[in-house]
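For reference, the structure discussed in these notes is given below.
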Amino acid sequence: MTQPSPRPNAATDFIRDRIAADLASGKHSTVITRFPPEPNGYLHLGHAKSIFLNFGLAEEFGGRCHLRFDDTNPETEDPEYVESIQRDVRWLGCDWGDHLYFASDYFERLYELAEELIKAGKAYVDSSSEEEIRALRGTVTEPGRPSPYRDRSVEENLDLFRRMRAGEFPEGSHVLRAKIDLAAKNMKMRDPLLYRIRKRPHYRTGDTWCVYPFYDYTHCLSDAFEGITHSICTLEFENNRELYDWVIDNLREHLPARPEQIEFARLDLSYTVMSKRKLLQLVQEGIVAGWDDPRMPTLSGLRRRGVTPDALRTFCERIGVAKTNSTVDVQLFEHCVRDDLNHRAPRVMAVLDPLKVVITNYPEDRSEELDASYWPHDVPREGSRKVPFSRELFIERDDFREDPPKKYKRLAPGREVRLRYGYFIVCDEVIKDEAGRVVELRCTYDPATRGGAAPDGRSPKATLHWVSAAHAIDVEVRLYDRLFRAEVPGADGRDYHEDLNPDSLVVVRAKAEPSLATAGPGEHFQFERQGYFFADPVDTSPGAPVFNRTIGLRDSWAKRSQPKGSRPAAPSRPRREAPTGRSSAPRSRDDYLAGLPPAARERFLAFEARGLPWGDARTLATEPALADLFAEATRHHDDPRAVANWVVNDVARALKTRSELPFGGEALAELVELVATNRLSTKLARRVFEEMLASGERPAAIVERKGWRQLTDPAELRPLVEAVLAADPERVADYRGGKEKLLGYFLGQVMQRSGGQADPKTARELLRSALAEERGEAR
RNA sequence: UGGCGGAUCGUCUAAUGGUAGGACGGCGGACUCUGGAUCCGCUAGUCUAGGUUCGAAUCCUAGUCCGCCAGCCA
């Protein structure tokens, strides 16, 4: 289990690190994770991140991942969602094997444990109203107060709870609460609710139950039942972890395992909404055509749009896993989609906005078939089709300009362009209707350029896609774009509806090459020079394909020609405030002193009088434990500054994770003395300090036992320096070339080779002069 | 105002006291029968202020900003 990852090059993250550590330390011998959706909506891109994380972890560490439906709320859950969720998880390529679970299957067991809690005096039935409970809970700054029912007897609680289950009481009349602490700083710990009465049929258990457990009670126990080792959830559950642990700890004797919760940042995407509530609204308000509308970030929507599971997986791997709240740029997602489709979508031609072209020197009754590869030269796949060519064609209206702007490379009067896989044509004449709109182009072709190459070697700057008018088929094409035009829909207090992109769907009748007539549902194509398209899996019928635009091609021309037009980058998210320097100005020593009560002021001044900088003095004046240690240590080693450095920095740190030190001031003084007398470098001394923390042993004894000493003799150090420089001629050259920062790197290497024992000051001088010599020799 | 998290190029993410790196984006160039792809180059960052250290994104102190928590939702 020390080499668990089959993806040695894959990025690691804090969760993988932690699991690897748990395995290495023997805390766990296997990894069992779970993906726990509530069946009250469709899965979206954010869930994909969680799914790939949980299933990926299981696979990498040789464990398993469960699919568990967290179905404890009969009001919102529905079998339709259970179906769609399983379909989506499977579609992503994740396999839960036999490990499909439902929290609702645990209802009996959960109920029994709730009785155990009651019997242990750790839960009670509260008969307060919802409003009363809310009022008694207090606020984030004020403690809550106990309900009058908090001290009911175990017998009464048991009786009441059983009768709740039996259906004797109406909804809202009683709840079961954990008896923890109404004054807890963490609101989640103020006697959280465990069970409520709901007289609704549950989609799986029917009328069997009229009490339903809450998430905080159900989730942790479900994890424990299933032997989950690492229960991974999103950041907003950080506050719930304390309760998670409380429930587990208080029922530990009844449980087979002790899972632990780890939180990571959920995925947010720019130009997208991802909350279930908003997604449900979009569906219910008819803003989109359903959960699987291709504009939706739901997995079913993405699937229907033509995004593949591979693309999603790559995306999820690229965004990483961390604890920072973040919003990923949708362009990274779009990049992953294009990158995936580039290698799987055959190239075809379709004209979305047709402009008629007549080749005047091409015989009216003639047509011919041209060879056209499905793949560009840089995609190593085989296959081609024939495309018909004739006198009348369609090209893209946008590929012609009567008055071409600078850098416009496409067709214009008198200009020659290449028709993809066809001939070169020159535009001779522009025909317009009464309104002045261009309706037809009359061109001539060069018969010698068949297939796209000219015998004289000339090459037009542009190559256009086209279709033969007589042979083209009409197809419906749905041009999807981002659903929102604001980077953060609903930012700055707006209603997110205001940020809806009115052009998120444009349906056109397009002219497509005849080969597309047989396109089957679910096939991917690239319409050359336009984008990636997907034959709609629902609306495509034999001979009549309907295409969804998955994503447009990158378009550097569009970018150049309309840099700030079509896609108004409306209100962005609030930028981080630039530091004004004024508001963040730290308090000065004098300000601090002025605000101090007399006693503290006296202590502070006394520390300053012993030569300590005011920051150290402040720390010692506020922390009695540190002050005591400082006092005792300075009695044994009278160097207040040196002692204070240790106390204020290293001891303060140590005290963050433990309540007391296994050694006293005398031992600390001994350590400081070891440094002062040059027997230890600070680096070594820190290691000794760690040992002291772990064992309580005296520093001198540790040094003795480990055989640590500082290497100060240049004669001892020189071979190390030489070895380091010899091992890395390239960096030495860089250093010679002026990259003097490398000195720190070399010193690091020397320190490492010496096991931390080199005296860094001496080593640095040695390094410096050795590198200077090198420079001399090189001349 | 309380508790818990968090802060590294525009965005996402590495660096676990020892060269601040990658990706996306942007800009420029090469190449091209897709203004695609590919390739090359450039751009740009450690929240602030002090301190510890030979050396700090990383450790200490103080501050700033952001997120989450007061559902009988999950």
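By convention in this document, chain letters (A, B, ...) are assigned in the order of the sequence lines, proteins followed by strands, and residues within each chain are numbered from 1.
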Taking N or O atoms only and anything under 3.5 Å, show me the protein contacts with nucleotides 26-32 of chain B, one pair per line.
residue : atom : partner  : partner atom : Å
B:G26   : OP1  : A:Lys559 : NZ           : 3.3
B:G26   : OP2  : A:Arg554 : NH2          : 3.1

Please list, pair by pair, any protein nitrogen or oxygen found under 3.5 Å from a nitrogen or oxygen in nucleotides 43-45 of chain B.
none

Residue A:Ala652, side-chain atoms from C-beta onward, closest of B:C60, B:G35, B:U16: B:C60

I need the CZ-P distance between A:Arg177 and B:G71, as an integer number of Å. 12 Å

Could you tell me whether B:G63 is syn or anti, where syn means a glycosidic angle within 90 degrees of zero? anti

Side chain of A:Glu236 only, please: which of B:G36, B:C68, B:A70 is the nearest? B:C68

With the criterion being N/O to N/O and under 3.5 Å, what pairs connect the protein with nucleotides 20-22 of chain B, and how long is each?
residue : atom : partner  : partner atom : Å
B:A20   : OP1  : A:Lys741 : NZ           : 2.3

Compare the minimum distances between each of B:G2, B:C68, B:C59 and the side chain of A:Met187, then state the nucleotide with the smallest one. B:G2

Return yes if the base of B:G35 and the side-chain atoms of A:Arg410 contain a donor-acceptor N/O pair under 3.5 Å, otherwise no. yes

Taking atom types as they are modelled, is there a donor-acceptor pair under 3.5 Å from the base of B:U34 to the side chain of A:Gln526? yes

With sequence neighbours left out, the residues meeting ring pair (Phe, Tyr, Trp, His ring centres under 6.0 Å) with A:Phe689 are A:Trp646, A:Phe663

Nucleotide N/O to protein N/O under 3.5 Å, stretch nucleotides 51-57 of chain B:
residue : atom : partner  : partner atom : Å
B:G51   : N2   : A:Asn649 : OD1          : 3.2
B:U52   : O4'  : A:Asn649 : ND2          : 3.4
B:U53   : O3'  : A:Thr682 : OG1          : 3.3
B:C54   : O2'  : A:Arg764 : NE           : 3.3
B:C54   : O2'  : A:Arg764 : NH2          : 3.3

Writing each nucleotide of RNA chain B 5' to 3' as (, ), [, ], | or . by Watson-Crick or G-U pairing under 3.5 Å yields .((((((..((((....[..))))((((((.......))))))...(((((..]....))))))))))).....

Measure from the side-chain heavy atoms of A:Trp557 and tell me the nearest of B:C59, B:G35, B:C72. B:G35

I'd like to know if A:Asp555 reaches the base of B:G36 with its side chain, counting only an N/O donor and acceptor under 3.5 Å. no

